[in-house]
Structures are given as structure tokens and as C-alpha cells.
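Reading through the C-alpha cells given below for one structure.
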Protein chains: 2
Amino acid sequence: MNIETPVWRQVRAAIVAQIAAGEFPPGTPLPAERALAERFSCAIGTIRRATDGLVAEGVLSRQQGRGTFVAQHTPERLFRFFHLRRPDGAAELPRTEFLDFAERRADRTQAAALGLELDAPLLRARHLQHLGGRPAMLEKLWLPATLFPGLDGARFAGRPGTVYDLYQREFGISVTRIDEQLRAAIPPARVASRLGLRVGEPALFIQRVAHAVDGKPVELRLAWADTRDLAYFNSRA
Amino acid sequence: MNIETPVWRQVRAAIVAQIAAGEFPPGTPLPAERALAERFSCAIGTIRRATDGLVAEGVLSRQQGRGTFVAQHTPERLFRFFHLRRPDGAAELPRTEFLDFAERRADRTQAAALGLELDAPLLRARHLQHLGGRPAMLEKLWLPATLFPGLDGARFAGRPGTVYDLYQREFGISVTRIDEQLRAAIPPARVASRLGLRVGEPALFIQRVAHAVDGKPVELRLAWADTRDLAYFNSRA
DNA sequence: CCCAATTTGTTCGTATGTATA
DNA sequence: TTATACATACGAACAAATTGG
């Protein structure tokens with residue numbers, strides 16, 4: 001921080017911190033702009049300036065006449081982070097088939113990706129995403145166990161919505177940013193058979209780290225996607 | 001447009017139109033905020049509201065004490081659209097090896113992607129991108145000939161900077177958005193040999209449509225990337 | 001159904017600080 | 001030093017959408 005951090009940045013940081021701390025669970029309204037202006041002893045315009053960026057990032061959602069809400073992982077919001085679609089670009093929700101759940105310890109790579117110590121306790125889950133009734137993507141997830149106390153296979157598999165939904169509702173962790181690396185490669189035989197690929201057929205390998213509101217990494221995900229009839233969509237402005 | 005479009009949207013649209021029309025070439029400053037406020041008969045805050053989004057998109061760049069400038073395709077800006085990097089994420093500028101240039105006519109797919117009629121005149125270029133001294137990506141580009149009058153192989157190959165630089169400086173076309181589809185596939189033998197891949201080794205296939213400030217498609221690009229030692233980076237907030 | 005209260009959306013105008021030429 | 005331009009901040013007013021009586 002500088003000697004003179006702008007007020008709107010201070011306010012923004014304070015709001016983010018409160019959301020990250022779970023004081024405003026997803027779906028709940030923030031105090032009204034006037035109330036926030038009073039609490040932070042600043043003008044309404046400064047409050048708007050502070051929240052503008054969060055709205056753009058999808059952390060908050062403003063509705064005229066209703067209020068400003070902490071965003072939830074609605075299906076619509078999911079597509080910010082789900083990039084696999086049919087070539088015509090039609091957005092379709094994947095069906096998730098749970099495979100297994102286990103406790104592990106972080107190896108060198110996992111620890112580095114998640115900002116943890118070597119051998120830190122991890123939770124690992126595997127599942128298979130289906131699109132159009134066919135297997136499309138095989139995913140392996142690692143979570144820092146300390147961030148998800150009490151999470152087990154039953155709760156993981158029995159969740160009603162998406163994975164990020166679960167993180168948010170049950171553990172107050174809102175995924176707001178993901179960093180991905182993509183490669184083309186030949187998947188191992190076991191992966192290929194899950195995806196219905198012949199031996200030697202390539203697939204898209206995706207390595208993802210998901211970050212919470214405060215920027216801390218909360219999930220490492222490795223995935224193999226069958227891109228014979230699907231494509232990974234990316235759009236940048 | 002609604003019956004009542006907000007002033008800031010009108011101002012934004014007007015500025016975009018003027019940039020797209022080449023009235024403010026890249027690198028030149030926009031009129032000062034006060035001047036714009038007078039020209040559009042509105043408050044200075046409304047001007048800022050109008051330009052805020054354009055700054056966020058990278059169309060404009062504001063510098064305190066200097067002015068607001070129409071963005072140029074600096075190397076830095078290039079990385080918004082160049083996603084291939086070494087796994088450690090180090091950003092390195094590619095070296096471009098020109099291959100060939102030709103005049104073509106749009107087939108069904110190309111016409112659809114570029115919003116043109118069938119058989120519309122196109123310009124096609126091919127080049128090879130090198131990273132770390134090794135071939136990394138083989139690209140094929142198609143441009144609507146009408147948008148690039150007088151462009152030939154010599155001018156294309158002899159340009160000083162990047163391709164998007166050329167579009168901008170010579171033809172007033174600023175690429176501000178790209179839509180991409182990625183797939184893993186086995187490249188044709190000719191492509192594989194260019195990239196130093198053995199037969200049957202997979203590569204990342206990238207299909208890109210680039211759009212100008214006004215949203216119109218201006219380039220179709222098909223590329224094969226060698227992702228054995230490189231990865232396609234994507235980050236979303 | 002209408003009304004009133006609440007909340008965000010838009011716009012205005014002003015003042016002061018800070019970076020640049 | 002001076003003038004210019006953007007950055008920040010304030011406060012006010014009215015419009016538009018929503019909600020509850």
C-alpha cells in the first residue's frame with residue numbers, strides 16, 4: 001500500500017475481506033449504498049466506484065430497486081468457467097458423474113500450484129462430465145483439506161448443484177478467477193477408454209488453478225477433454 | 001436502442017464510431033475530457049463513464065497529466081491475444097517467419113466465419129511463429145480483401161511489427177476482440193514436419209476470428225501449435 | 001390497483017490532488 | 001513556474017425498478 005491509498009480501494013478491499021470472511025453469504029444483499037457510505041464515511045459515488053469492479057468481475061450483482069447482492073454460482077455464471085461446447089457454440093450444462101473421493105498428501109507440484117507445504121493434506125475427487133449424453137471430460141480435483149473441513153465423498157457426491165456451488169454454499173469459498181494451461185496430448189489408456197477414445201487418439205489436457213475472492217488458490221484441477229465433437233471456447237476483449 | 005438510451009452509452013458509441021472511422025488514429029490523443037463534455041453537452045463525469053469501459057477493454061489508454069489515447073498494438077498489448085507460453089508462464093515475444101501470401105475466394109466456412117458472401121475475395125497468408133528459437137505455431141490467415149486494399153505479399157512480409165499492428169497502422173483496423181475454439185488433433189504430415197512433430201503426434205488446433213472496434217469480423221485464423229514444451233494460457237476473472 | 005418507501009441508475013456540477021509538458 | 005489533463009472525492013437531484021402495504 002502507498003502512503004495514500006484511494007478511499008475507493010480501501011472500501012473495495014474491506015468489502016472483499018468481509019465477503020471472503022463469510023459475513024455476507026452468497027445471495028445476500030450488501031447494505032444499501034447510503035448505509036455503506038455512512039459506515040465508511042465517504043460519498044455514495046465512492047461506494048459505487050469501489051463496487052463497480054466487483055460487479056464487472058461477477059463477485060457482486062446489482063439490481064435496480066432491489067439492492068446489491070453477493071453473486072451465486074448460477075448456471076449462467078458457471079459458463080464463465082466452463083468452456084467446453086459444441087462447435088456451434090450452443091451452451092449446454094454438463095451432467096456430472098461422480099467417480100471417487102479420497103484423502104491425499106500434496107506432492108511437489110500440487111503444493112506449488114496451491115501455495116501449500118509439501119505433504120499438506122489434500123482432498124482428491126474424480127468425476128466425468130457428460131455433454132449431449134456422451135462422456136466429454138474426465139476431471140481430477142485437489143483441494144486443500146484445511147479449507148474444506150468435514151468434506152467427504154458422500155457430501156461431495158450428494159451435492160445438489162455444481163462443485164463451485166458446493167464450495168460457496170458449504171464452505172464460504174467463492175471462486176472468482178481461474179488460471180488455465182492447455183495442451184494437446186495422448187491420454188493414458190485408462191483415460192482414453194473413459195472418454196471412448198481409441199488408443200493413440202489425442203485429447204485436450206487442461207490444468208486449472210481456481211482462486212477465491214481474496215486471490216488465494218483453492219483448487220487444482222487436471223482434466224482430459226474429448227475434442228472430436230466439442231471445442232474449448234475462449235473469447236477475449 | 002431504447003426510447004431512452006443513457007447519455008453515456010450514446011457518447012461511448014459516438015467515440016467508438018469515430019475511432020472505427022479512423023478519425024482518431026491509434027496513438028493519438030482524444031480531445032480532453034472537458035472538451036468532450038462540451039462537444040457532447042454533458043458533464044465530465046458522463047464522459048468518464050463512457051470511456052471507462054473502453055479503457056477496461058484496452059481500446060483507450062488514459063495517462064494522468066497527458067491525456068486519453070487510442071491504444072496501439074504494443075508488444076504488451078499483443079499478449080492479450082497471444083496465449084502460447086512456456087509452462088513457467090514467462091511471456092516471450094514470438095519471432096514470425098513469413099511463408100507465403102495469395103489471393104483466394106471464400107468457401108462456405110470462411111464466408112460464414114467472416115460474415116461475407118460465398119466467393120468473396122480473400123487474402124491468405126501463412127507464417128510460422130517461433131518461440132525460444134524453435135517453431136511453435138503454424139498459422140494460416142484469411143482477410144476480407146475489401147478491408148485491406150492494396151495489401152500484397154511484399155507489404156505483409158515487410159511490415160515492421162506484428163500483424164495486428166499492420167492492420168491498425170496501414171488500414172485503420174483495430175482488433176479489439178477475438179473468439180477462439182481449441183481442439184486437440186493430429187496435424188497433417190506437412191504441418192507436423194514444419195513443427196518438428198513425429199507422425200501421429202498431437203498438436204493444439206486453434207480457430208480464431210478477430211473483430212474490430214465496431215464488432216465486425218476482420219480476420220479468420222487457423223493455427224497448429226506444438227504444445228510439447230509450450231502451453232496455451234487462459235485466465236478468467 | 002395504487003401508493004409510498006426503498007434502492008440502484010443516471011446525470012449534473014464542483015473542488016482538490018497529482019502527473020505531465 | 002505555469003498550464004493542462006486526468007484521478008479522486010463530494011454532494012445533490014431526479015429517474016426507474018422493486019417491494020410491501
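This is a predicted model, so every value here is computed, not measured. The sequence lines fix the lettering, A, B, ..., with proteins before strands; numbering per chain opens at 1. Because only heavy atoms are used, hydrogens play no part in the values below, and waters and symmetry mates are left out as well, while side chains stay in.
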Using ring-ring contact (aromatic ring centres under 6.0 Å, His included), reason through His127(A) and Phe98(A) one step at a time and then give a plain yes or no.
CA-CA 5 Å; His127(A) 56 211; Phe98(A) 172 77; 8.1 Å; no

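- The separation between Gln10(A) atom CD and dT8(D) atom P is 12 Å, rounded to whole Å.
- A distance of 6.0 Å or more separates the ring centres of Phe233(A) and His83(A).
- Salt bridge absent: Arg85(A) and Glu92(A) never bring a charged side-chain N and a carboxylate O closer than 4.0 Å.
- The CD-P distance, from Gln63(A) to dA17(D), rounds to 13 Å in whole Å.
- No donor-acceptor pair closer than 3.5 Å links the side chain of Arg221(A) to the backbone N or O of Gln207(A).
- Side-chain nitrogen and oxygen atoms of Thr68(A) include at least one within less than 4.0 Å of the OP1 or OP2 phosphate oxygen of dT8(C).
- Comparing dT20(C), dT10(C), dA9(D) by their nearest atom to the side chain of Pro6(B) picks out dT10(C).
- Within residues 31-52 of chain B, the residues that have a heavy atom under 4.0 Å from DNA chain C are, in order of number, Ser41(B), Cys42(B), Ala43(B), Thr46(B), Arg49(B).
- Closest to the side chain of Trp8(A), out of dA9(D), dT10(C), dC6(D), is dA9(D).
- You'll find that the side chain of Gln64(A) is closest to dA16(D), out of dA16(D), dA7(D), dT10(C).
- Between Arg62(A) and dG9(C) there is a side-chain N or O to OP1 or OP2 distance below 4.0 Å.
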Between Trp8(B) and Asp52(B), is the side chain to side chain contact (heavy atoms under 4.5 Å, CB included) condition met? List the steps.
CA-CA 10 Å; Trp8(B) 70 267; Asp52(B) 273 348; over 6 Å; no

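- Proximity of the aromatic rings of Phe148(A) and Tyr167(A) is defined here by a centroid distance below 6.0 angstrom, and this criterion is met.
- Toward the 5′ end of DNA chain D lies the nearest nucleotide of Val7(A), the other residue of the pair Gly65(A) and Val7(A) mapping further downstream.
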